[in-house]
2 protein chains.
Amino acid sequence: MRVAILGATGAVGRTMLQVLEERGFPADEVQPLASARSAGTTLRWRGRDWTVRMPGPGAFLGCELALFSAGAARSREWGPRAAAEGALVVDNSSAWRMDPAVPLVVPEVNGAALRERPLGIIANPNCATIQLVLPLAALHQAAGLTRVLVTTFQSVSGAGHRGETALDAELAGGHSPDTPFPGPIAGNVIPWIGPRGADGWNEEERKVREETRKILELPELRVAATCVRVPVRVGHSIAATVELARPLAPAAARAALQAWPGISAPDTGADPLPRDVAGTDLVQIGHLRADPDDPRVLHLWIVADNLRKGAATNAVQIAERLVEPAGGRP
Amino acid sequence: MRVAILGATGAVGRTMLQVLEERGFPADEVQPLASARSAGTTLRWRGRDWTVRMPGPGAFLGCELALFSAGAARSREWGPRAAAEGALVVDNSSAWRMDPAVPLVVPEVNGAALRERPLGIIANPNCATIQLVLPLAALHQAAGLTRVLVTTFQSVSGAGHRGETALDAELAGGHSPDTPFPGPIAGNVIPWIGPRGADGWNEEERKVREETRKILELPELRVAATCVRVPVRVGHSIAATVELARPLAPAAARAALQAWPGISAPDTGADPLPRDVAGTDLVQIGHLRADPDDPRVLHLWIVADNLRKGAATNAVQIAERLVEPAGGRP
């Protein structure tokens with residue numbers, strides 16, 4: 001099996017190659033694809049060097065799978081072409097996520113949605129949304145979700161290599177002219193991720209709302225997010241308030257979370273911190289407590305590695321389901 | 001007039017001296033007081049050096065006012081003694097805040113509460129609470145508050161010099177053995193400020209709830225906070241969700257905020273960031289928007305300098321009211 005990786009030299013693309021190798025994904029070959037700037041360089045995978053090429057006609061022929069993480073514009077351009085050349089596309093950009101013909105999947109939550117993929121394209125959700133929907137699904141099953149309010153603390157790697165470069169430059173006393181942030185990020189926090197709409201909501205906040213509703217299949221769910229960039233290298237954190245249809249004590253909530261695949265919610269009293277979860281694949285929960293005024297409301301802290309579970313690992317988990325014998329290829 | 005400053009060498013104490021000088025406070029002399037470690041050193045104020053002493057019997061005699069910022073234990077010890085020696089005490093610690101006989105005051109919100117001070121002690125609220133209650137008061141007047149949900153992004157200077165030293169040491173690649181934080185703070189965010197109770201709530205979160213209710217004189221108000229330390233030097237930020245009794249459009253909310261003393265809420269589209277507000281005295285509001293599901297719910301971003309408006313400036317503003325001719329001394 002041959003797997004193409006579009007955007008292979010980016011922060012998520014490199015992590016995809018790493019996760020494919022770590023998990024023993026049943027591929028024999030990879031085809032790294034990237035822009036002209038990287039074409040001709042090589043990437044290491046399973047002890048071999050693989051030459052990076054630019055995507056072009058025929059680039060996906062012979063590839064059963066294509067993992068994309070090169071931005072929405074390239075996904076719109078190359079998604080249908082890769083599918084036409086026979087590759088199943090797992091796309092990490094926002095290009096296809098809200099298309100009704102494209103499943104938007106977190107395998108532990110709505111893996112069954114992978115069965116219907118008429119375009120041959122599957123979307124990987126927004127990084128903050130992935131780590132949010134796992135505990136939401138567990139709590140919904142336990143007591144019925146009615147409303148979700150979140151504030152995110154999103155690491156600079158969520159903005160790719162440029163984000164990490166900007167933080168490094170500022171910590172060294174300089175400034176990156178190519179920064180993706182609207183102000184200094186070192187020693188700062190910035191409530192602006194993505195362009196702001198006329199209604200005052202930022203694109204990232206809109207994604208968290210819309211994608212959460214789609215993945216959970218709760219199209220009317222009340223969801224509001226405030227998305228904030230923080231000077232953390234890797235690891236997104238979320239402070240969440242969850243309103244439920246029925247009362248749910250913290251101990252019962254913790255049991256429901258612990259029983260859900262992909263979640264770690266130990267009762268240690270120590271909260272997961274982004275610096276500790278970087279490099280891991282579980283969504284980690286802490287600071288779980290009951291609202292002082294309403295037993296149907298819980299507050300919790302949700303941390304995950306945004307490059308791994310928030311992007312590459314989730315995409316590879318989707319790919320694993322697609323190639324499972326039971327999953328059935330089209 | 002002579003003013004004693006207990007904890008004069010701390011982060012807030014030094015800022016108190018600076019703010020007294022900047023605002024032309026009508027004092028002729030200051031008496032800096034601190035622990036044995038600092039006694040005998042001098043502090044500059046109005047072009048003169050003032051010798052730091054340790055507090056002891058008689059230390060407050062001849063002082064009309066005493067501003068305290070030396071922690072709750074010292075405030076409990078020295079508050080009643082300073083009052084007995086004739087000084088009106090403005091205390092920045094948590095020691096007296098919830099005492100029914102002690103007014104807890106943000107002058108722009110409940111300055112009238114200063115009239116009744118049977119112990120001769122007035123409490124300065126928690127730093128995050130001060131910047132929160134200004135916009136809450138404005139929105140309450142406009143449409144009636146019913147519920148407040150906040151997530152804070154609190155700077156290391158909120159933990160005093162030790163907090164700043166810990167961040168500096170870590171940014172330099174080291175570690176401060178005296179760190180007040182339960183984990184590394186550089187490149188991290190930590191949802192733990194103050195000891196955690198058996199119910200899972202941290203002390204800072206409890207303070208925000210209880211003090212907000214007391215200052216706004218809304219003892220039943222639903223308030224829930226998640227308080228998080230972030231690697232910012234000075235400047236606390238708050239993401240707030242405010243539920244109101246009546247619908248309030250963002251434009252009307254902004255007008256109410258702009259009309260309130262002590263608030264800046266310009267309609268520029270650019271949000272206030274903690275690095276920009278450090279050194280200023282206004283509470284700055286941005287990212288104001290209507291909830292997508294309920295016109296009685298607003299979301300906003302609130303930033304202020306935690307050492308100034310969140311501590312020293314608010315204490316000096318209280319002191320100004322106390323010495324105003326119309327305020328009347330007891």
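Throughout, a chain's letter reflects where its sequence line sits, starting with A, and its residues are numbered from 1.
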Legend entry - Part of V189(A) within contact of chain B (heavy atom distance under 4.5 Å): both
Inset, instruction - Could you tell me which residues in residues 199-207 of chain A have at least one non-hydrogen atom under 4.5 Å from a non-hydrogen atom of chain B, sorted by residue number? - result: D199(A), G200(A), W201(A), N202(A), E205(A)
Inset, instruction - Check whether V228(B) gets within reach of chain A through its side chain, its backbone, both or neither, counting any heavy atom under 4.5 Å. - result: side chain
Legend entry - Contacting moiety of A290(A), where chain B heavy atoms sit under 4.5 Å: backbone
Inset, instruction - Using a heavy-atom cutoff of under 4.5 Å, enumerate the residues of residues 240-256 of chain A that contact chain B, numbered in order, or state 'none'. - result: T241(A), E243(A)
Legend entry - Inter-residue atom distance R308(A).CZ - T313(A).OG1, 0.5 Å rounding: 4.5 Å
Legend entry - Residues which pass salt bridge (Lys or Arg N to Asp or Glu O under 4.0 Å) with R229(A), listed by chain and number, not counting sequence neighbours: none
Inset, instruction - Identify the residues of residues 153-178 of chain B whose heavy atoms come closer than 4.5 Å to a heavy atom of chain A, ordered by number, or report 'none'. - result: F153(B), L171(B)
Inset, instruction - Measure R275(A) against the heavy atoms of chain B and call it side chain, backbone, both or neither at under 4.5 Å. - result: both
Inset, instruction - Decide if atom CZ of R296(B) counts as having more than 12 heavy atoms of other residues, nucleotides or ligands within a radius under 6.0 Å. - result: no
Inset, instruction - Please flag which part of H299(A) lies under 4.5 Å from any non-hydrogen atom of chain B: side chain, backbone, both or neither. - result: side chain
Legend entry - Where Q131(B) and V283(B) come nearest, the two heavy atoms and their spacing: O-CG1, 3.5 Å
Legend entry - Salt-bridge present (D293(B), R209(A); N to O < 4.0 Å): yes
Legend entry - Proximal component of R196(B), with respect to chain A [non-hydrogen, under 4.5 Å]: side chain
Inset, instruction - May I ask you to test the N188(A)-P274(B) pair for a side-chain heavy-atom distance under 4.5 Å? - result: yes
Legend entry - Distance in Å, C127(B) SG paired with I193(B) CD1, rounded so as to fall on 0.5 Å steps: 8.0 Å
Legend entry - Closest heavy-atom pair and its distance - R222(B), D294(A): NH2-CB, 3.5 Å
Legend entry - Euclidean distance, M98(B) CE relative to E210(B) CD, rounded to 0.5 Å: 5.0 Å
Inset, instruction - Answer yes or no: are there more than 12 heavy-atom neighbours, outside R147(A) itself, under 6.0 Å from its atom CZ? - result: yes
Legend entry - Exercise: identify the closest heavy-atom pair between L104(B) and K214(B): CB-CE, 3.8 Å
Inset, instruction - Counting only heavy atoms closer than 4.5 Å, note whether T226(A) contacts chain B via side chain, backbone, both or neither. - result: both
Inset, instruction - Would you mind telling me which of L216(B), T212(B), T152(B), I215(B) makes a side chain to side chain contact (heavy atoms under 4.5 Å, CB included) with L132(B)? - result: T212(B)
Legend entry - Proximity breakdown for V303(A) and chain B, heavy-atom pairs closer than 4.5 Å: neither
Inset, instruction - Please name the pair of heavy atoms, one in P191(A) and one in H287(B), separated by the smallest distance, quoted to 0.1 Å. - result: O-CD2, 3.7 Å
Inset, instruction - Apply side chain to side chain contact (heavy atoms under 4.5 Å, CB included) to L139(B) and L257(B), showing your working. - result: CA-CA 7 Å; L139(B) 297 172; L257(B) 292 164; 4.2 Å; yes
Legend entry - Minimum heavy-atom distance between V230(A) and I185(A), given as atom pair plus value: C-CD1, 4.0 Å
Legend entry - E217(B) atom CD: more than 12 heavy-atom contacts under 6.0 Å: no
Legend entry - Part of L273(B) lying under 4.5 Å from any heavy atom of chain A: both
Inset, instruction - Flag the one option from G235(A), P182(A), P184(A) with the top tally of heavy-atom pairs under 4.5 Å to chain B. - result: P184(A)
Legend entry - Spacing of CD1 belonging to I302(A) relative to CG belonging to L300(A), to within rounding of 0.5 Å: 4.0 Å
Inset, instruction - Might you point out which heavy atoms bring L307(B) and T15(B) nearest each other, and give the distance in Å? - result: O-CG2, 3.7 Å
